[in-house]
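Bear in mind the structure is a predicted one, so any value in this text is a computation, not a measurement. Chain A is the first sequence line, chain B the second, and so forth, proteins listed ahead of strands; every chain is numbered from 1.
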Protein chains: 2
Amino acid sequence: MTPQDNTALPDPPPPAPDEEAARHASARSARASALTEDYVEIIADLLEREGEARPTDIARRLGVAHATAIKTIARLKRDGLARARPYRGVFLTDRGWDMARKMKARHQTVVAFLLALGVPADVAEVDAEGIEHHVSDATLAAFERFLAHAAQGDGR
Amino acid sequence: MTPQDNTALPDPPPPAPDEEAARHASARSARASALTEDYVEIIADLLEREGEARPTDIARRLGVAHATAIKTIARLKRDGLARARPYRGVFLTDRGWDMARKMKARHQTVVAFLLALGVPADVAEVDAEGIEHHVSDATLAAFERFLAHAAQGDGR
DNA sequence: TGTTGAATGTAGCAAAGGCAACACTTCACA
DNA sequence: TGTGAAGTGTTGCCTTTGCTACATTCAACA
Ligand SMILES: [Mn+2]
Ligand SMILES: [Mn+2]
Ligand SMILES: [Mn+2]
Ligand SMILES: [Mn+2]
């Protein structure tokens, strides 16, 4: 009902309609990839740590029902990111491993970055789990720059 | 196929299963709210700038078909965030305005923060559109702290 | 005052991502 | 060597978020 506070801010310029639509389209697309990226990241971690990635373990780590995980794994196969045969566990293709490496690096960088900013560890982990999927290469580079800077300047 | 680079990193501890599932559940829930938040933010902006928020304008700014926007608006109504009567435009409830104010502030802070980090403006806008929905209060506060710091220390 | 183009609304379709319930395989071990 | 529990897969259902195609309403203006 009541419009807003409006405490004399410069008020950013009106959005250029095309660009705003493109921005939202990018965000939608990143949102759509987020689930896939989390699955691949978790499968890689299970394979490295346990030697195998079973649907139930994947589901447990994501907090979803195993039927849901199995359906998503089918999509990973369809999209050429994973291979799996009945009752034989899940494996990643080369493309899957590429994505997994990328996401692991991103995840670690985003968490380290938030920690360096003074965000509490548990909050940093939660936020990073979502933020990691929306961080472009340029922004990731900026995070790394900041971390390098902080590491070097910390004995100042 | 090939596991990974593994250039002698400390390797973070194995995830505590319950906490990881909870983290992913939080991220899923934030993802689900993201669309709603963008709609409300855009409706508020249209109401403030133009005095009215028409389905077609909302759809254009999001880059979706008008039918899609109308269906989502119905959900906003169902959820007590908006009011609308046929052919009469869309309005926000008090709860809708609360959310809109929150998201506008978040959006501005995230963009300003990325810019301060040295991220190019166009990239900052795109990334912020997704990141804003995954930034907790604690992280937002850290961003603001950083901005205050940067502003003050910049004449050094 | 009629016409007509833009805006709005509706219907039907599809894919993604959830769930619970049920059926089938495996495999450890009694 | 059976067998039963754990893991796996299947089915049917739901909601969300998109789309296109079509129907209706509104309003400007000829
Ligand atoms: Mn994630
Ligand atoms: Mn992650
Ligand atoms: Mn957004
Ligand atoms: Mn926004």
Side-chain angles (χ1 to χ4, degrees), chain A residues 17 21-43 46-47 50-91 129-130 133, chain B residues 17 21-43 46 50-79 81-91 129-130 133:
Chain A
R23 245 157 53 208
H24 279 106
S26 290
R28 269 199 304 278
S29 145
R31 208 152 65 216
S33 321
L35 227 222
T36 298
E37 291 168 350
D38 281 335
Y39 267 81
V40 167
E41 189 185 348
I42 285 174
I43 292 168
L46 285 169
L47 287 172
E50 318 283 345
E52 62 175 352
R54 296 144 80 220
T56 301
D57 294 328
I58 298 168
R60 180 170 37 245
R61 294 201 29 185
L62 280 160
V64 298
H66 82 277
T68 300
I70 288 175
K71 245 190 254 187
T72 306
I73 291 163
R75 210 149 17 89
L76 298 183
K77 291 205 289 181
R78 187 199 64 187
D79 296 344
L81 293 167
R83 282 175 301 104
R85 309 245 307 297
Y87 300 98
R88 233 43 359 161
V90 182
F91 300 90
E129 202 58 74
H133 309 284
Chain B
R23 244 159 52 211
H24 279 106
S26 290
R28 268 198 306 279
S29 143
R31 210 151 62 217
S33 321
L35 228 223
T36 299
E37 291 168 350
D38 281 335
Y39 267 82
V40 167
E41 189 185 345
I42 285 173
I43 292 168
L46 284 169
E50 319 283 345
E52 62 176 351
R54 295 144 82 222
T56 301
D57 295 328
I58 299 168
R60 181 171 33 245
R61 293 198 34 180
L62 280 162
V64 298
H66 81 277
T68 301
I70 287 175
K71 247 190 253 188
T72 306
I73 290 163
R75 208 147 21 82
L76 297 183
K77 291 204 289 179
R78 188 200 63 190
D79 296 343
L81 292 166
R83 285 175 297 104
R85 309 244 307 297
Y87 299 98
R88 228 59 341 172
V90 182
F91 301 90
E129 202 56 75
H133 308 283

_Need to verify one output field. Residue with the more 5' nearest nucleotide on DNA chain D, A/Y87 or A/K71?_
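Between the two, 5'-proximity favours A/Y87.
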Using a 3.5 Å distance criterion without hydrogens, assess whether the side chain of [X] forms a donor-acceptor pair with backbone atoms of [Y].
X     : Y     : value
A/T68 : A/V64 : no
B/R28 : A/G63 : yes
A/S29 : A/A25 : no

Taking all non-hydrogen atoms of both residues into account, name the closest pair between [X] and [Y] and its distance.
X     : Y     : result
A/A69 : A/A59 : CB-CB, 3.8 Å
A/R83 : A/K77 : C-CD, 4.1 Å
A/L47 : A/A53 : CD2-N, 3.8 Å

Test item: [X] and [Y] side chains (from C-beta on) under 4.5 Å apart, heavy atoms:
X     : Y     : answer
B/D79 : B/T36 : no
B/R75 : B/L81 : no
B/H24 : A/D38 : yes
B/L76 : B/V90 : no

_Contact list please: residues 26-43 of chain A against DNA chain C, heavy atoms, distance less than 4.0 Å, in numerical order._
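Listed by number, they are A/A32, A/L35.
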*For DNA chain C, what residues of residues 59-69 of chain A have any heavy atom nearer than 4.0 Å?*
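Within residues 59-69 of chain A, the residues near DNA chain C are A/V64, A/A65, A/A67, A/T68.
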*Between which nucleotides of DNA chain C, read 5' to 3', does contact with chain B run, using atoms under 4.0 Å from its heavy atoms?*
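Nucleotide range in contact with chain B: C/dA7 to C/dG18.
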*Please identify each residue that fulfils side-chain contact (heavy atoms from CB on, under 4.5 Å) with B/A34, with sequence neighbours left out.*
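For B/A34 the side-chain contact (heavy atoms from CB on, under 4.5 Å) partners, ignoring immediate neighbours, are A/R31, B/H133.
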*Taking only residues at least two apart or on different chains, which pairs with a member in residues 58-67 of chain A satisfy side-chain hydrogen bond (donor to acceptor under 3.5 Å, both in side chains)?*
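The answer is A/D45-A/R61, A/D57-A/R60, A/R61-B/E20.
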_Could you tell me the boundaries of the chain A footprint on DNA chain D, defined by atoms under 4.0 Å from its heavy atoms?_
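Span of nucleotides near chain A: D/dG7 to D/dG18.
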